[in-house]
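Scroll down for the structure; my scribbles are underneath it.
Heavy-atom basis, side chains included; hydrogens, waters and symmetry copies ignored. The shown structure was predicted, so the numbers you read here are calculated from the model rather than taken from an experiment.
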There are 2 protein chains.
Amino acid sequence: MDLAGVAGLLADGTRAAFCLALLDGRAWTANELARYAGVAPSTATSHLNLLVSGGLLVEERHGRHRYVRVADRRVVELIESLAALAPQGSARPRSLSASGRQQALARARLCYDHLAGAVALAITDAMIERGLLEWGPEPGLTGKGALWLAEAGITVPGGSRRPPVRACLDWTERRPHLAGAVGAALCAHALATGWMTRIGTTRALIVTPAGRRAWHDHLGLPPAEL
Amino acid sequence: MDLAGVAGLLADGTRAAFCLALLDGRAWTANELARYAGVAPSTATSHLNLLVSGGLLVEERHGRHRYVRVADRRVVELIESLAALAPQGSARPRSLSASGRQQALARARLCYDHLAGAVALAITDAMIERGLLEWGPEPGLTGKGALWLAEAGITVPGGSRRPPVRACLDWTERRPHLAGAVGAALCAHALATGWMTRIGTTRALIVTPAGRRAWHDHLGLPPAEL
DNA sequence: TGGACGCTTCGACGAACGTCGAAGGGACGT
DNA sequence: ACGTCCCTTCGACGTTCGTCGAAGCGTCCA
């Protein structure tokens, strides 16, 4: 793949629309991208094959879904360099609003035994930003992270073969959130201390006032975000 | 012209070769580029029409000659972003080791607002070896590097969205040298303090005796290498 | 003034590319 | 086990695009 080849990957309107949509950092399915760009699913497949084999996108197969996302920060810079030279403003469309119950689910919910949804993402992001958590190359807790857990009074059960930190793909945010033994311990602690409670018998969760204070104290999360 | 249109301008091997050749910051004539890329003059004309009307190149007519050069620093950044994702394709078919002026250019020259050529490579390599600079995965200055800059009396202007460190493909050495805001600041400082001076009005540079001392003191570069 | 040179226009050719629908494979939920 | 859903493969169609040579135009130099 030479320079012209890489440029050729973005030289098509449909592929460019895919990449612009993926600039939000989320993972999209092939069908969503096809409907978004107004092309047939088979067309989207061939485009995604090109973009993935060209290294601009990476994919993750989950069941019958094919999730793709931008591979690298260099790709983002490339697309932004192109957009800077394209007089046509690249509008940032696409707002996914759903019904009330789904909004609650999208906000915070249980995913097996750990937290998911926008709140879980905010927690995960804050932990990474504070250097408590690392995704790659091997997901894991940092030394600071272990200390932080101890100070918060959260104990992670040992002895099991379960990996302490795992990345779980969030189906509303399309980005990975914290899972594994640490994620489960965090969730158990949040429920035990009343930072979060379940809505009825569903998997949806709400953050209590006490939880708002706690997340702000421990991670600096602005209460408005919860 | 939308994003895909801009990408399409660089999605052709001949046009990409034109732009890579023009990365040295000089102005080339249409015929030179045609011979360089191995296409007919008429073909070069149509390509140049596209690149100029697309805003990637600007032209100057002098008599019967048509000089073109890269329009803008944004275009340089775009090409570099593409080259960063096309690891193998950046090789240049023709070797420019001809006249004395070109040898001087190969030794040290301006590439837009930063240093290029063998001397620039030596500086870049020394900075990496001393742990002042890192290429990957995220090009950037280390903490030691920031300290080194301050001690050398070099201030990098902030506030801009320009990335501090970028890798710019060197067209004589075919390896990346230091670009970005740090590269520009380094170059400006070298010219301001008289470490290097321009040869006449060309882009070629020479290292002054004071510069030889300075590069040796700050980076340990052997004076023979400059 | 004549010839050389650099660039441009035009027409034509062939290859590459994006698009779709139909059919098939695999995973999921009932 | 069945239907449904998501994705993929395949073949075919039409368009776009890069390429060239020939001819033409303007500039420069002798």
Side-chain angles (χ1 to χ4, degrees), chain A residues 1-22 26-54 56-69 111-112 168-169 171-172 174 203, chain B residues 1-22 26-54 56-69 89 93:
Chain A
M1 177 77 60
D2 58 350
L3 191 145
V6 177
L9 291 175
L10 292 167
D12 174 73
T14 301
R15 287 195 295 269
F18 284 8
C19 291
L20 280 173
L22 289 164
R26 298 185 310 160
W28 292 50
T29 70
N31 232 342
E32 286 171 335
L33 289 171
R35 273 184 286 121
Y36 172 77
V39 295
S42 57
T43 305
T45 290
S46 71
H47 286 312
L48 290 180
N49 287 340
L50 292 174
L51 290 168
V52 169
S53 70
L56 269 63
L57 305 183
V58 290
E59 67 180 21
E60 258 174 78
R61 310 271 181 153
H62 281 240
R64 51 185 169 186
H65 296 276
R66 177 195 206 178
Y67 290 97
V68 292
R69 58 177 208 278
C111 175
Y112 296 93
C168 176
L169 191 65
W171 61 267
T172 50
R174 318 289 170 84
R203 300 204 320 263
Chain B
M1 176 76 61
D2 58 351
L3 191 145
V6 178
L9 292 175
L10 291 168
D12 174 73
T14 302
R15 288 195 293 270
F18 284 8
C19 292
L20 279 173
L22 290 163
R26 297 185 308 161
W28 293 49
T29 70
N31 236 339
E32 285 173 334
L33 288 171
R35 273 183 285 119
Y36 172 77
V39 294
S42 59
T43 305
T45 291
S46 71
H47 285 312
L48 290 179
N49 286 341
L50 292 174
L51 290 169
V52 169
S53 71
L56 268 62
L57 305 183
V58 290
E59 67 180 20
E60 264 175 71
R61 308 269 181 157
H62 280 87
R64 54 185 168 183
H65 295 276
R66 178 195 206 178
Y67 290 97
V68 292
R69 57 177 209 280

Check the distance between [N]'s [atom2] and [X]'s [atom1] and give it to me in whole angstrom.
X     : N      : atom1 : atom2 : value
A:L51 : D:dC7  : CG    : P     : 15 Å
A:L33 : D:dC7  : CG    : C1'   : 13 Å
A:Y67 : C:dA27 : OH    : P     : 16 Å
B:H62 : D:dT27 : NE2   : C1'   : 14 Å
A:L10 : C:dG18 : CG    : C1'   : 16 Å
A:L48 : C:dT19 : CG    : C1'   : 15 Å
B:F18 : C:dC7  : CZ    : P     : 11 Å

Which nucleotide in [options] has an atom nearest any side-chain atom of [X]:
X     : options               : result
A:N49 : D:dG18, D:dT19, D:dT9 : D:dT9
A:T14 : D:dC7, D:dG18, C:dT19 : C:dT19
A:D12 : C:dC7, C:dG18, D:dT8  : C:dG18
A:H65 : C:dC7, D:dC6, D:dG18  : D:dC6
B:T43 : C:dT9, D:dC20, C:dG6  : D:dC20
B:T29 : C:dC7, D:dG18, D:dT19 : C:dC7
B:R66 : D:dG18, D:dC7, C:dC7  : C:dC7

Q) With no hydrogens and no angle check, is any side-chain donor or acceptor of A:R15 less than 3.5 Å from a backbone partner on B:A4? A)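 No.
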
Q. So do B:V6 and A:L10 actually touch side chain to side chain, heavy atoms under 4.5 Å?
A.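 No; the side chains remain at least 4.5 Å from each other.
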
Q. Taking side chain as C-beta onward, heavy atoms only, is A:V68 less than 4.5 Å from A:L51?
A.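 No, every pair of side-chain atoms sits at 4.5 Å or beyond.
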
Side-chain N or O of [X] closer than 4.0 Å to phosphate OP1/OP2 of [N]:
X     : N      : answer
A:R61 : D:dT8  : yes
A:N31 : D:dC5  : no
B:H47 : D:dC17 : no

Q: Examine the base of D:dC5 for any acceptor or donor lying under 3.5 Å from a partner atom in the side chain of A:R64, and report the outcome as yes or no.
A: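 Side chain to base: pair found, below 3.5 Å.
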
Q. Donor-acceptor pair under 3.5 Å: do we get one between A:S42's side chain and the base of C:dG21?
A.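 Looking at the base of C:dG21, it does pair with a donor or acceptor on the side chain of A:S42 (distance under 3.5 Å).
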
**Q.** Nearest heavy atoms of B:A37 and B:F18, plus distance in Å
**A.**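 That closest heavy-atom pairing would be CB-CE1, 3.5 Å.
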
Q | Check against side-chain contact (heavy atoms from CB on, under 4.5 Å), A:L50 and A:D12 | A | CA-CA 11 Å; A:L50 292 174; A:D12 174 73; over 6 Å; no

